[in-house]
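Worksheet: the structure to be examined is printed underneath.
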Amino acid sequence: MSNPHYGGQFGQPGNTGQFQGQVPQPSQQFQGQMPQAPRKKNNKATALIAAIIAAVLVIIGGGAFALSRSLSASGGFASPTALANSINSAFGSNKLTSLATALSPSELKAATTWQKDYKANGKADWSKLVSPEALADYIGQIDLSKSTIEYTVDEKSENLSLITITKWEGEVTIKPELVDKIRQNYEKAKGEKLTANESSMLDDMKSSLSKESTFSGNILGQLDLDTLTIVSVKEDGKWYISPAMTMAEQMYPTSSVRPNYDADFTDVKGASSAEEAVSGLVDALRNGAGMGDKDFYRYLDLPERRIAAVYGGAGSGSDTNIGAGIQVHWGLTSTTVTDGAIVGFGTTSITFDGDYKVDFNNDTVTFGFPDFSSSYGSSNKNTSSQSQNLTVRFTEGLVNPERLGVFTVKDKTGWHVSFIRTAGNLNLLEATDNAVNQAVDGMSSSFGYGSDVSADEMRDMATTNKPVGAMLVIAWNFMKSFN
């Protein structure tokens, strides 16, 4: 069906401030109806897109954060048309943050799970970037007026509908003072003065907004878009906006795969254990399944499952057994955490083409490979190479190595892999200060950092952001072993 509607305003709150020294929050990785980047570059479109992205980050990053903590919050709509009407109303009243309760509960929960275990560590507390006070600061610097939209609603299946904005005209003013608010809240979150690079980037941002802060006319045209499609999904009998699906919808025109809107992503059977969810997912690919095949996506959590089922290309798997040359002996382990379990490699062993091996032993991994130098230059073609082994203790220096792995969740159908939670879980990784300092010193000595990022700035970023420091330590564990 196709029902045109008119009216409304599109509110654009401010940026949650992802700069040097801050690890992106998972709730910032699936950020709502984000328009596709323009194919033609111009300053006006770039600035406007930056403002829209900033708005989405606040709505989903901050809105999700607040909504996930409000037990009385309820949302959802009886039909896709009712949801579209609510979007129209939010545009018209310049209260886009009211759409927080219209966002997919499964995606909000996945994106904010890590926050339940997050604790401010030392002087940095990144949750201050999306506090209610910070959100009010950002929103107060945006002024929307004279905005009009037209849109259609197209119900593709019982569980999926497309809301397509076909016309968006209006006026958007982004005050340069928005950058000042970002700077203030970022500095509060970081717990210390900004580096020269951070300050310079914010100065450039404010300078750009000062030159041109008001955008008017055909907003879609300025984005180099003909239409903007928002994907809505049904969960527990109600309709919601799916940020993740909306992003996938914007991307598919550049792909050869056509969406399978009729895909069944609700009637699936999960795994019997957290470990089986991971091994089953990998084995499905090894056995030739494509991302759009139920044999594969049944092991995924609902947000990722919908994307794989609709945009993964059903039947696009390999006709041959791509895992024929790969032998895997599973020895996975799992650790129970809030809302799920993290699956680690345990004692898993992987063999490639018979000559290459990767053997895990909990906190170590051993690489086995042929040493062709022992037979190089030999006239005997039957001379076999000797095996070389290299062992790396990749968790050395980590405070909580049990957090390193794949996040899995259990629902009424079984266990599933959650990539959104896996990414979010990385925000909780932490290494000792001594290990971080050794990693920074070792990398600086081996490679140097060039003129843009000094060793001191790298150290500042790694010590004020525990997950950044943890990732540097893991990388250094491999680098020093290979050296």
Problem set entry | Minimal non-hydrogen separation, Thr395 against Pro401, with atom names | CB-CB, 3.9 Å
Exercise. So do Arg305 and His416 actually touch side chain to side chain, heavy atoms under 4.5 Å?
Worked result: yes
Problem set entry | Donor on one side chain, acceptor on other, Asn159 and Ser157, under 3.5 Å | no
For this session: Would you confirm whether Asn477, through its side chain, and Glu396, through its main-chain N or O, come within 3.5 Å as a donor-acceptor pair?
Result: yes
Exercise. Do Gln388 and Pro370 touch side chain to side chain, with heavy atoms closer than 4.5 Å?
Worked result: no
For this session: Using only heavy-atom distances, determine whether the side chains of Thr81 and Ser79 contain a donor-acceptor pair under 3.5 Å.
Result: no
Exercise. Got Leu83 and Ile163 here, is their nearest side-chain heavy-atom distance under 4.5 Å?
Worked result: yes
Exercise. Is a side-chain donor-acceptor pair under 3.5 Å present for Thr333 with Glu275?
Worked result: no
Problem set entry | Inter-residue atom distance Lys238.NZ - Thr101.OG1, 0.5 Å rounding | 9.5 Å
Exercise. Counting only N and O atoms by type, is there a donor-acceptor contact under 3.5 Å from the side chain of Ser232 to the main-chain atoms of Ser161?
Worked result: yes
Exercise. Ion pair present between Arg403 and Asp117, side-chain N to carboxylate O less than 4.0 angstrom?
Worked result: yes
Problem set entry | Contact check, side chains of Leu162 and Tyr261, non-hydrogen atoms, under 4.5 Å | yes
For this session: Take atom NZ of Lys480 as the centre, draw a 6.0 Å sphere, and report whether it contains more than 12 heavy atoms from other residues, nucleotides or ligands.
Result: yes
Problem set entry | Modelled atom types, side-chain donor and acceptor of Thr229 and Gln250, under 3.5 Å | no
Exercise. So Val328 and Thr348, side chain to side chain contact (heavy atoms under 4.5 Å, CB included) or not? Walk me through it.
Worked result: CA-CA 7 Å; Val328 181; Thr348 297; 4.1 Å; yes
Problem set entry | Donor-acceptor side-chain pairing of Glu304 and Tyr297 below 3.5 angstrom | no
For this session: First locate atom CD of Glu402, then atom OG1 of Thr336, and finally report the distance between them rounded to the nearest 0.5 Å.
Result: 11.5 Å
Exercise. So do Met245 and Leu160 actually touch side chain to side chain, heavy atoms under 4.5 Å?
Worked result: yes
Problem set entry | Pair Lys156 + Asp262: basic N to acidic O under 4.0 Å | no
Exercise. Do the side chains of Val268 and Tyr299 get nearer than 4.5 Å, heavy atoms only?
Worked result: no
Problem set entry | Beyond-backbone contact of Asn260 with Arg258, side-chain heavy atoms, under 4.5 angstrom | no
For this session: State, without any angle test, whether Asp264 and Thr266 hold a side-chain donor-acceptor pair at a distance under 3.5 Å.
Result: yes
Exercise. Salt-bridged, Arg306 to Glu107, with N to O below 4.0 Å?
Worked result: yes
Problem set entry | Between CH2 on residue Trp415 and CG on residue Asp301, distance to nearest 0.5 Å | 11.5 Å
Exercise. Rounded to the nearest 0.5 Å, how far does CD1 of Ile241 lie from OG of Ser86?
Worked result: 6.5 Å
For this session: Could you tell me which non-hydrogen atom of Phe352 sits nearest to which non-hydrogen atom of Val358, and how far apart they are?
Result: CE1-CG2, 3.9 Å
For this session: Output the distance between atom CG (Leu390) and atom CZ (Phe482), rounded to the nearest 0.5 Å.
Result: 5.0 Å
Exercise. If every non-hydrogen atom of Lys357 is compared with every non-hydrogen atom of Ser349, which pair is closest and at what distance?
Worked result: CE-OG, 3.9 Å
Seminar exercise, completed: Tightest non-hydrogen contact, residues Phe407 and Ile342, listed as CD1-CG1, 4.1 Å
Seminar exercise, completed: Scanning both residues in full, the closest heavy-atom pair of Ser242 with Ser104 reads CA-CB, 4.3 Å
Exercise. Taking the side chain from Asp411 and the backbone from Gly414, do they hold a donor-acceptor pair closer than 3.5 Å?
Worked result: yes
Exercise. Tyr118 and Leu428: side chain to side chain contact (heavy atoms under 4.5 Å, CB included), yes or no, with the steps?
Worked result: CA-CA 7 Å; Tyr118 174 75; Leu428 303 176; 4.1 Å; yes
Problem set entry | Thr112 side chain vs Gln115 backbone, donor-acceptor pair below 3.5 Å | no
Problem set entry | Gln327 CD to Ile350 CD1 distance, which is reported to the nearest 0.5 Å | 11.0 Å
Exercise. Would you say Thr227 and Ile165 make side-chain contact, with heavy atoms under 4.5 Å?
Worked result: no
Exercise. Is it true that Arg421 and Asp339 make a salt bridge, defined as a side-chain N closer than 4.0 Å to a carboxylate O?
Worked result: no
For this session: Please say which of Phe394, Trp330, Phe360 ends up in a ring pair (Phe, Tyr, Trp, His ring centres under 6.0 Å) with Phe345.
Result: Phe360
Exercise. Counting only heavy atoms not in Phe296, do more than 12 sit closer than 6.0 Å to its CZ atom?
Worked result: yes
Problem set entry | Any donor-acceptor N or O pair under 3.5 Å, side chains Thr391, Thr364 | no
Exercise. Please walk me through it: do Asp226 and Leu220 pass side chain to side chain contact (heavy atoms under 4.5 Å, CB included)?
Worked result: CA-CA 6 Å; Asp226 295 322; Leu220 288 180; over 6 Å; no
For this session: Could you please spell out the steps behind the side chain to side chain contact (heavy atoms under 4.5 Å, CB included) verdict for Ser279 and Leu332?
Result: CA-CA 8 Å; Ser279 63; Leu332 301 173; 4.1 Å; yes
Problem set entry | Contact summary for Ala308 and Leu300, nearest pair of heavy atoms | CB-CD1, 3.9 Å
For this session: Count the heavy atoms of every other residue, nucleotide or ligand shown that sit under 6.0 Å from NZ of Lys109, and state whether that count exceeds 12.
Result: no
